[in-house]
Amino acid sequence: MESDKPAPPSTRRIAIDPVTRVEGHGKITLLIDDNNHIVEARFHIVEFRGFEKFIQGRPYWEVPFLVQRLCGICPVSHQLAAAKAVDQIAGSRELTPTATKLRRLLHFGQMLQSHALHFFHLSSPDFLFGFGGDPKLRNIAGVLEQFPEIALQGVKLRKYGQSIIEVITGKRIHGTGTVPGGMNKSVTAIERDTLLAGIGDILQWSQDAVALNEHIHTAHPEHRDFGTLPSHYLSMTGTRGELEFYHGGLRARAADGSDIFDQFDYCGYQQILKEEVRSWSYLKFPYFSALGTALGWYRVGPLARINNCDRIITPRAEAARWRFKACGFGGPVHDTLAYHWARMIELLHCAESIHTLLHDPDITGTDLLADKDHRRPQGIGVIEAPRGTLFHHYHVNDEGLVTQANLIVSTTSNNQAMNESVRVVANRYLNGHEITATLLNHLEVAVRAYDPCLSCATHALGKMPLQVTLQHIDGAVIHQLTKKADGVIQ
Amino acid sequence: MIAGTNTIYIDGQEIPFTPGQTVMDAALAASVYIPHLCHYPGLPPSGNCRLCMVETGGRNVAACIAQAAAGQEIRNNTPELNAARMAITQMLFVEGNHICPSCEKTGNCKLQAMAYHLGMLDQHFSQFYQHRDIDASHPDIALDRSRCILCDLCVRASRDIDRKNVFAIAGRGIDAHLIVNSASGKLADTPIAATDLAATICPVGAILIKEQGYRVPIGQRIYDRRTICETGLQEHIAQQRRDQ
């Protein structure tokens with residue numbers, strides 16, 4: 001495990017700045033020794049926005065709509081995590097069935113659109129054209145040209161998820177919806193029927209996406225060990241160990257599949273998680289406190305969730321999970337690229353769950369607000385966001401103004417794992433002192449598997465050109481490669 | 001009524017008035033909208049926001065305080081006046097912290113609606129980034145001074161309708177700011193109640209009833225359904241009904 005210490009004197013530095021087709025702007029530095037062995041990989045997060053600071057002093061009921069601006073991809077996740085914390089602060093213990101199901105439906109819509117975006121728009125070009133494919137083709141426009149059916153399915157899947165968000169929150173991005181102790185509207189019969197009219201295609205396309213990813217992963221042995229990384233996993237599960245995105249207990253499993261903890265009340269997260277700060281990145285490094293910084297890092301997100309859960313309550317996704325599980329030969333699946341396969345299993349689960357909820361009469365109910373008792377000085381909301389477990393923690397004063405906030409965003413939890421994956425892949429593909437397009441592409445593919453949202457993690461947005469620099473520790477540039485935003489490599 | 005006696009002309013339209021009536025009141029009574037933020041039917045005018053500036057007799061006057069005069073010819077909806085109104089609106093935006101995307105007043109905010117009405121696409125001027133304290137001491141009402149546009153409506157409502165005199169404007173020019181009339185300067189030490197007109201009249205998100213934000217879904221908020229022209233005229237009609 002790397003640390004905050006300066007690089008050893010006999011190493012050189014390779015920088016990739018920034019990484020593309022992730023949500024935000026990242027930069028990779030590789031420190032290599034005289035034997036061309038990567039001794040350390042640093043996935044720098046260099047943006048800073050400071051939401052935790054500037055929401056201080058704001059009224060607590062405003063928080064879900066301030067923090068959802070962290071991101072344009074998963075604002076619903078931030079709104080819901082904050083809303084769960086705000087429910088506690090407002091003194092609401094249990095939401096009404098209508099409000100709970102509306103939030104779940106909203107969350108499934110969010111997961112569906114985000115997962116579709118990630119695979120079809122961002123990652124599918126890598127698999128459909130190959131990691132070394134022509135950069136001019138290896139993007140969503142290329143997929144539209146060469147594989148129009150797949151591309152259109154991706155676009156429509158995302159559109160459907162956004163339609164659910166729009167129905168419940170009033171807008172596709174950055175709507176409202178949650179209020180302390182409930183929701184501000186339900187779904188009308190007309191809205192429900194409109195959504196139901198499209199669910200058949202969504203189910204089929206989701207199933208096709210699972211099949212495509214299953215085929216991609218199992219038919220290419222080189223994918224199995226691409227950045228493969230035994231690790232611990234953290235996720236939320238339901239009370240019976242089922243896959244759960246909205247509310248449950250925390251489960252952590254070790255690389256061998258054994259429990260580290262299970263059904264842990266997330267309100268006590270500070271007992272089990274700590275965060276380390278390193279000077280070269282604004283992204284913190286969370287770890288299981290009982291295991292320490294060196295051994296306590298873990299992965300979150302689809303791979304963690306599918307590995308950790310004992311079952312999925314929707315039948316098609318559960319069948320897909322069993323096929324996935326077979327790849328682990330009795331233990332967790334550690335293949336980094338299996339993130340994509342797991343993500344599509346979740347996509348299918350979302351589609352099935354949306355189908356079920358759209359037939360539930362509660363979503364058109366009118367009982368939207370729960371009773372409240374006295375206000376509490378703090379609230380903690382945790383959900384499974386598309387990229388993994390998301391923690392929102394707020395303290396408020398007697399007047400209802402936020403005094404302190406702590407967010408542990410999904411990508412933050414994958415921070416160390418992304419560094420490790422980059423190191424593993426770089427060791428395999430670095431050839432001498434030359435930065436090649438192949439190396440560049442492979443490092444990006446490794447990072448992209450995590451679907452990192454750097455906007456969320458540091459709360460920033462960035463452009464997406466790419467620069468790779470091989471640099472000796474004394475500062476001399478050995479080799480440099482630049483990929484511009486249009487994909488042209490110089 | 002004979003044209004030319006108790007009649008004014010706004011953009012060529014003949015509009016009757018009663019002696020003592022302002023140009024604004026006469027216009028609203030005739031369903032002619034003159035943009036405004038600090039005018040509210042039933043409250044004495046203050047001429048603060050200057051959005052209702054109209055041109056008459058070769059000079060600009062605030063319609064909310066200018067007395068209507070027989071035969072007066074007034075220009076209201078002109079490109080020049082609307083450009084000046086937009087500049088005023090832009091200045092109001094940069095002088096406070098009006099973060100519409102997360103503000104709970106969004107969709108119900110007159111300043112925001114005015115910006116839409118005038119076709120404002122950016123703030124043009126540099127943001128002041130004011131830092132003004134929030135007073136959340138009252139159990140039911142929060143005062144976020146960073147959004148105050150100094151329209152004076154809360155001052156007049158509290159003084160003239162609620163009879164509590166809770167608010168005042170202190171300082172002059174760029175130093176003008178909203179204060180609370182209590183020994184501590186806090187809302188908690190005033191008699192204001194959530195049912196007071198002063199607690200609900202704020203055209204922006206400066207005075208808010210606590211924990212009510214975002215309750216109205218997008219699509220059902222005031223300015224999702226009506227333009228500020230329509231609501232401006234409706235406020236006048238509602239006051240006329242109260243007067244009857």
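Note that the coordinates shown come from a computational prediction; the quantities given were computed from them, not determined experimentally. To find a chain, count down the sequence lines: A is the first, B the second, and so on, and within it residues start at 1.
No other option in B:P139, B:A142, B:A188, B:S137 has as many heavy-atom pairs under 4.5 Å with chain A as B:S137.
Atom NZ of A:K372 has more than 12 heavy atoms from other residues, nucleotides or ligands within 6.0 Å. Other residues, nucleotides and ligands contribute more than 12 heavy atoms inside 6.0 Å of the CG atom of A:D373. The number of heavy atoms from other shown groups lying within 6.0 Å of CZ (A:R93) does not exceed 12. The number of heavy-atom neighbours closer than 6.0 Å to CG of A:D398, taken from other residues, nucleotides and ligands shown, is 12 or below. Within a 6.0 Å radius of CD in A:E94, other residues, nucleotides and ligands contribute 12 heavy atoms or fewer. Counting non-hydrogen atoms of other residues, nucleotides and ligands closer than 6.0 Å to CZ of B:R172 gives a total of 12 or fewer. Within a 6.0 Å radius of OH in B:Y116, no more than 12 heavy atoms belonging to other residues, nucleotides or ligands are found.
With respect to the salt-bridge test (charged N to carboxylate O, under 4.0 angstrom), the residues A:E62 and B:R147 qualify.
Neither the backbone nor the side chain of A:L368 comes within less than 4.5 Å of any heavy atom of chain B. Using a 4.5 Å cut-off between heavy atoms, A:L401 contacts chain B through its side chain alone, with no backbone atom that close. Contact of B:D144 with chain A is made through the side chain alone, with heavy-atom distances under 4.5 Å.
Taking OH of B:Y214 as the start and CD of A:Q79 as the end, the distance is 10.0 Å to the nearest 0.5 Å. If you take OG1 on A:T176 and CZ on B:R215, they are separated by 12.0 Å, rounding to the nearest 0.5 Å. With rounding to the nearest 0.5 Å, the separation of NZ in B:K210 from CH2 in A:W61 is 5.5 Å.
For the pair A:L66 and B:S102, the tightest heavy-atom approach, listed with the atom from each and the gap, is CD2-OG, 3.2 Å.
Taking 4.5 Å as the limit, every side-chain heavy atom of A:K185 sits out of range of all side-chain heavy atoms of B:I218.
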Exercise for review: Show your reasoning for whether salt bridge (Lys or Arg N to Asp or Glu O under 4.0 Å) applies to A:R375 and B:E211.
Suggested key: CA-CA 12 Å; A:R375 190 196 294 158; B:E211 302 181 16; 3.3 Å; yes
Review point. Should B:I134 and A:E399 be marked as a side-chain contact (heavy atoms from CB on, under 4.5 Å) after you check the CA-CA gap, both sets of side-chain angles, and the distance that decides it?
Key: CA-CA 10 Å; B:I134 293 181; A:E399 297 179 352; over 6 Å; no
